[in-house]
Colleague: 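Take a look at the following structure, please.
No hydrogens, no waters, no symmetry mates; every other heavy atom, side chains included, goes into these values. We count residues from 1, following the sequence as given.
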Amino acid sequence: MKAKFTAFFNKVVALLVTIIFALSNIASTGLSLQVKPKNAEALRLSFAAFSDSHLAGDEDSARVKVLYQGLRNLDGRVDAIVAVGDMTDRGEREQYETFYRCVKKEVTSSKFIAAVGNHDTWTTGSNGENPTYEFLRAYNGYSGKNLTEAYYTEEVKGYTFIVLATEADNTSAYLSEKQISWLDSELEKATESGKPAFVLCHWPLDGTCGQMEIDPEHGMGAQSAEVQAVLEKYKNVFYFSGHIHAGLRGELSNKIFGHQSVETINGVHYINLPSFMFPNTRSLKTGNGGNILPGCGYIAEVYENEVVLRARNYPLGFYMPVYEKTIDLVK
C-alpha cells in the first residue's frame with residue numbers, strides 16, 4: 001500500500017511541476033512581472049532565497065526544468081541567489097552534478113550561495129565518514145573554494161551571510177560546540193557596524209514559524225535553544241530556513257493559527273521558506289493553512305533603515321504581496 005501511495009504521489013508531483021514549467025514558458029513571453037526592487041536608487045543589497053528543490057532524476061526531468069526556469073528569471077536581477085538546503089533528494093553525486101549544471105547554466109551574474117540540508121547528506125556514495133562530503137565536493141568544485149567544513153561565511157556587497165550546517169546525517173540537525181562558537185564569533189563581526197546579518201540554515205529553530213504546530217518532528221533539534229541564544233545576542237539578525245514544506249503564510253494565517261512564514265521573536269527575524277519543488281501540503285494536513293503552491297521563495301531587499309521581504313513565484317514570475325513583510329532595522 002505504501003509503495004502504491006508513493007508512486008501515486010510522485011506522479012502527482014511530476015504533473016504539477018510539468019504544469020508549472022508549461023505555464024512558466026507562457027509567462028516568460030511577456031506576462032510575467034520582472035524582478036524589480038521597490039526603490040532601485042536606495043537599494044543596497046538584494047537576494048533571492050529558495051529551499052527544498054529536491055533534484056532527482058535525469059537532466060530532462062520536469063523538476064530540473066522548473067529549477068532552470070526559476071534561476072533564469074532571477075539571474076542578474078538580484079545580487080545573490082541562496083539555496084537553503086535539500087538541493088538534492090538523496091545527496092548522490094549525480095544529483096549534485098545535475099543541480100550545479102542548472103546553476104552554471106543559469107546563474108552567470110548573481111552570486112550563488114548554498115547551505116546543506118538533511119536530504120543532501122543521505123548518500124551512500126561518500127567516503128562513509130563525513131555526511132557532508134558530497135556537498136563539499138560539489139560546492140567547492142562549483143565555487144573554486146577549498147572548504148573543509150560545510151559551515152562558512154560569504155560576503156556580498158559588504159553584507160555577511162553565515163551558512164550553518166548539520167554535522168550528521170539525521171533528519172534533525174547536529175551542530176558541534178565548535179560550530180556554535182564560530183557562529184557567535186561571526187555574528188559579532190557581522191553586526192558590529194549595525195548592518196543586518198543573514199544566517200542560512202535548512203532547519204527552522206524549534207517553535208518558530210509554526211514548526212511545532214505543522215511538523216513537530218522537523219525542527220533543528222538538540223542544539224536549537226543554544227543556537228537561538230546566540231542569535232538573540234545581536235541586533236538585526238535574519239534567519240532563513242526551509243525543511244517543513246509549510247507553504248507561504250501571512251498575517252491572515254497569524255490571526256487564525258498564530259504563526260506565519262516571517263516572525264520576529266526576541267529581536268531575531270525568522271523566515272521559513274516553502275518547498276520550491278513539492279506542493280506545500282504539510283500545513284494543510286494539520287489544519288494550519290498555508291499556500292501549497294511550489295516554486296516560491298522570498299526576495300530580500302535591503303535598504304538603509306529596513307529590509308523588505310517580498311514573496312515571489314520564481315518560475316512563473318510574479319510577486320505575492322499578501323505575504324510581503326517590511327522589517328525596520330535597529331540602530
Colleague: Heavy-atom count check: over 12 atoms from other residues, nucleotides or ligands less than 6.0 Å from Lys178 NZ?
Modeller: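 12 or below, so no.
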
Colleague: Is a side-chain donor-acceptor pair under 3.5 Å present for Asn170 with Ser172?
Modeller: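 No - no donor-acceptor pair under 3.5 Å links their side chains.
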
Colleague: With rounding to the nearest 0.5 Å, note down the distance linking CD1 in Ile265 to SG in Cys209.
Modeller: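 It is 6.5 Å, given to the nearest 0.5 Å.
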
Colleague: Test of understanding: with side chain to side chain donor-acceptor pair (under 3.5 Å), list the residues that count as partners of Tyr239, not counting sequence neighbours.
Modeller: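 Counting only residues at least two positions away or on another chain, Tyr239 forms no side chain to side chain donor-acceptor pair (under 3.5 Å).
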
Colleague: Ignoring hydrogens, what is the shortest heavy-atom contact between Ala115 and Val163? Give both atom names and the distance.
Modeller: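 Scanning both residues, the minimum pair turns out to be CB-CG1, 3.6 Å.
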
Colleague: Just checking, any donor-acceptor pair under 3.5 angstrom between side chains of Glu167 and Ser176?
Modeller: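 Their side chains do contain a donor-acceptor pair, which is all the 3.5 Å distance test asks for.
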
Colleague: Verify the neighbour count for atom CD of Glu217: are there more than 12 heavy atoms of other residues, nucleotides or ligands below 6.0 Å?
Modeller: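 Open: at most 12 neighbouring heavy atoms sit under 6.0 Å from CD of Glu217.
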
Colleague: Check whether any side-chain N or O of Glu226 sits under 3.5 Å from a backbone N or O of Gln223 as a donor-acceptor pair, and report yes or no.
Modeller: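 Checking the backbone N and O of Gln223 against the side chain of Glu226, no donor-acceptor pair under 3.5 Å is found.
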
Colleague: Out of curiosity, does Val156 fall in the hydrophobic cluster containing Leu71 (side-chain heavy atoms, cut-off under 4.5 Å, transitive links)?
Modeller: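 Yes; tracing contacts between hydrophobic side chains, which count when under 4.5 Å, links both residues.
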
Colleague: Between the main-chain N or O of Gly221 and the side-chain N or O of Ser224, is there a donor-acceptor pair closer than 3.5 Å?
Modeller: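 No, Ser224 side chain to Gly221 backbone: no donor-acceptor pair under 3.5 Å.
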
Colleague: Determine whether a donor-acceptor pair (N or O, by modelled atom type, separation under 3.5 Å) exists between the side chain of Glu306 and the backbone of Thr326.
Modeller: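 Side chain of Glu306 to backbone of Thr326: no pair is present.
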
Colleague: Under 4.0 Å between a Lys/Arg side-chain N and an Asp/Glu carboxylate O for Lys111 and Asp79?
Modeller: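 Looking at Lys111 and Asp79, the cut-off is not met.
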
Colleague: Please lay out, stage by stage, how Ile180 and Val230 fare under the test side chain to side chain contact (heavy atoms under 4.5 Å, CB included).
Modeller: CA-CA 8 Å; Ile180 294 173; Val230 171; 3.9 Å; yes

Colleague: Once you round to the nearest 0.5 Å, how far does OH of Tyr152 lie from CD1 of Ile162?
Modeller: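 Answer rounded to 0.5 Å: 12.0 Å.
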
Colleague: Return the OH to OG1 distance between Tyr270 and Thr264, rounded to the nearest 0.5 Å.
Modeller: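 The OH atom of Tyr270 sits 9.5 Å away from the OG1 atom of Thr264.
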
Colleague: Are the side chains of Val330 and Lys235 in contact, using a 4.5 Å heavy-atom criterion?
Modeller: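 They are in side-chain contact.
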
Colleague: Spell out, yes or no, whether Ile214 and Tyr298 are grouped together once hydrophobic residues are joined by side-chain heavy atoms under 4.5 Å, including indirect joins.
Modeller: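 No.
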
Colleague: Could you tell me whether the side chain of Thr191 and the main chain of Leu187 form a donor-acceptor pair under 3.5 Å?
Modeller: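 Answer holds: yes.
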
Colleague: Should the pair His245 and His54 be assigned to parallel (<30°), tilted (30 to 60°) or perpendicular (>60°) ring geometry?
Modeller: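 Plane angle over 60°, so perpendicular.
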
Colleague: Looking at Arg249 and Gly247, would you say the former's side chain and the latter's main chain have a donor-acceptor pair under 3.5 Å?
Modeller: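 Judged by distance alone, yes, a pair lies under 3.5 Å.
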
Colleague: What I want to find out is whether Lys38 reaches Glu301 closely enough, with some N-O distance under 4.0 Å, to be called a salt bridge.
Modeller: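 Here Lys38 does not pair with Glu301 in a salt bridge, since their nearest N and O are not under 4.0 Å apart.
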
Colleague: Nearest 0.5 Å, please: how far is OG in Ser181 from CG in Leu175?
Modeller: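 One finds 12.0 Å between CG of Leu175 and OG of Ser181.
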
Colleague: Is any side-chain heavy atom of Val237 closer than 4.5 Å to a side-chain heavy atom of Pro196?
Modeller: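 With C-beta onward as the side chain, the pair stays apart.
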
Colleague: Let's go through Trp182 and Glu177 carefully: what are the C-alpha distance in whole Å and the side-chain angles of both, what is the deciding distance for side chain to side chain contact (heavy atoms under 4.5 Å, CB included) to 0.1 Å, and is it a yes or a no?
Modeller: CA-CA 8 Å; Trp182 170 85; Glu177 289 299 321; over 6 Å; no

Colleague: Any non-hydrogen side-chain atom of Asp89 less than 4.5 Å from a side-chain atom of Gln95?
Modeller: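 Yes, side chains in contact.
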
Colleague: For a quick test of reading the model, state the closest non-hydrogen atom pair linking Ile244 to Pro204 and the distance between them.
Modeller: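 The answer is CG2-CG, 4.0 Å.
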
Colleague: Decide, yes or no, whether a salt bridge links Glu251 with Lys325 under the criterion of side-chain N to carboxylate O below 4.0 Å.
Modeller: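 Salt bridge between Glu251 and Lys325, a charged N being under 4.0 Å from a carboxylate O: yes.
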
Colleague: NZ of Lys255: more than 12 outside heavy atoms within 6.0 angstrom?
Modeller: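 Check fails, neighbour count at 12 or below.
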
Colleague: Applying ring pair (Phe, Tyr, Trp, His ring centres under 6.0 Å), run through Phe47 and Phe161 and close with a yes or a no.
Modeller: CA-CA 11 Å; Phe47 65 92; Phe161 291 79; 4.9 Å; yes

Colleague: Measuring only between side-chain heavy atoms, which start at C-beta, is Val84 closer than 4.5 Å to Phe50?
Modeller: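 Result no, sub-4.5 Å side-chain heavy-atom pair not found.
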
Colleague: Please check: side-chain N/O of Asn73 versus main-chain N/O of Tyr314, any donor-acceptor pairing under 3.5 Å?
Modeller: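 Flag set: sc Asn73 to bb Tyr314 pair under 3.5 Å.
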
Colleague: Quick one: does any side-chain atom of Ser110 pair with a main-chain N or O of Gly76 as donor and acceptor, under 3.5 Å?
Modeller: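 It does hold such a pair.
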
Colleague: Are Ser53 and Phe99 packed together at the side-chain level, in the sense that at least one heavy-atom pair is separated by less than 4.5 angstrom?
Modeller: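 Contact flag for Ser53/Phe99 side chains = yes.
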
Colleague: Under 4.5 Å between side-chain heavy atoms, counting indirect links through other Ile/Leu/Val/Met/Phe/Trp/Tyr residues: same cluster for Met320 and Leu273 or not?
Modeller: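 Met320 and Leu273: one cluster.
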
Colleague: Are any non-hydrogen side-chain atoms of Asp184 and Tyr234 less than 4.5 angstrom apart?
Modeller: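 The answer is yes; the side chains approach within 4.5 Å.
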
Colleague: I'd like to check Asn280 versus Leu293 (side-chain heavy atoms, cut-off strictly below 4.5 Å). Are they in contact?
Modeller: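 Not touching, per the 4.5 Å side-chain cut-off.
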
Colleague: Tell me whether Tyr100 is reachable from Leu74 by hopping between hydrophobic residues (I, L, V, M, F, W, Y) whose side-chain heavy atoms are closer than 4.5 Å.
Modeller: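 The answer is yes; both residues are in one hydrophobic cluster.
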
Colleague: I would like to know whether Leu164 and Leu200 meet side chain to side chain contact (heavy atoms under 4.5 Å, CB included); could you show each step before the answer?
Modeller: CA-CA 6 Å; Leu164 301 183; Leu200 311 178; over 6 Å; no

Colleague: For the residue pair His259 and Ser253, what are the closest heavy atoms and their distance?
Modeller: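 Heavy atoms of His259 and Ser253 come nearest at O-OG, 3.0 Å.
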
Colleague: Mind listing the closest non-hydrogen atom pair of Met87 and Ala114 along with its distance?
Modeller: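 For Met87 versus Ala114, the nearest heavy atoms are SD-CB, 3.7 Å.
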
Colleague: Search all heavy atoms of Thr123 against all heavy atoms of Gly91 and return the closest pair with its distance.
Modeller: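 That closest heavy-atom pairing would be CB-O, 3.0 Å.
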
Colleague: In terms of ring plane angle, is the pair Tyr96 and Phe135 parallel, tilted or perpendicular, where the classes change at 30° and 60°?
Modeller: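 Rings of Tyr96 and Phe135: perpendicular, over 60°.
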
Colleague: Salt bridge between Lys145 and Glu154, side-chain N to carboxylate O under 4.0 Å?
Modeller: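 Salt bridge flag = yes for Glu154 with Lys145.
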
Colleague: Nearest 0.5 angstrom please: Arg90 CZ to Glu134 CD, how far?
Modeller: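 Taking CZ in Arg90 and CD in Glu134, the distance rounds to 13.0 Å.
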
Colleague: Please verify the inter-ring angle class for Tyr142 with Phe112; under 30° counts as parallel, over 60° as perpendicular, anything in between as tilted.
Modeller: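 Correct class here is perpendicular.
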
Colleague: Using modelled atom types and a 3.5 Å cut-off, is there a donor and acceptor pairing between side-chain atoms of Asp120 and backbone atoms of Thr88?
Modeller: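 A pair under 3.5 Å: yes.
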
Colleague: For Cys296 and Asn313, which heavy atoms make the closest approach, and how far apart are they?
Modeller: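 In this case the closest contact between Cys296 and Asn313 is SG-ND2, 3.6 Å.
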
Colleague: Just by distance, no angles: are the side chains of Glu186 and Thr153 close enough, under 3.5 Å, to form a donor-acceptor pair?
Modeller: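 Yes, a side-chain donor-acceptor pair sits under 3.5 Å.
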
Colleague: Please, which pairs that meet side chain to side chain donor-acceptor pair (under 3.5 Å) have at least one residue in residues 194-214, sequence neighbours excluded?
Modeller: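 Listed by first then second residue: Asp86-His202, Asn118-His202, His202-His243.
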
Colleague: Look at the side-chain heavy atoms of Ile, Leu, Val, Met, Phe, Trp and Tyr, link any pair under 4.5 Å apart, and say whether Phe198 and Leu231 land in one connected group.
Modeller: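 Hydrophobic grouping puts Phe198 apart from Leu231.
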
Colleague: Under 3.5 Å, is there a donor on one side chain and an acceptor on the other for Arg77 and Gln34?
Modeller: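 Yes, side-chain donor-acceptor contact under 3.5 Å.
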
Colleague: Just do the side chain to side chain contact (heavy atoms under 4.5 Å, CB included) check on Leu329 and Asn305 with the steps written out, would you?
Modeller: CA-CA 5 Å; Leu329 296 176; Asn305 297 313; 5.6 Å; no

Colleague: For the residue pair Leu252 and Ile256, establish whether any side-chain heavy-atom pair is separated by less than 4.5 Å.
Modeller: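 In short, these two side chains touch, coming nearer than 4.5 Å.
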
Colleague: In Å and rounded to the nearest 0.5 Å, what is the CG to SG distance from Leu67 to Cys102?
Modeller: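 Interatomic distance, Leu67 CG to Cys102 SG, rounded to 0.5 Å: 4.5 Å.
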
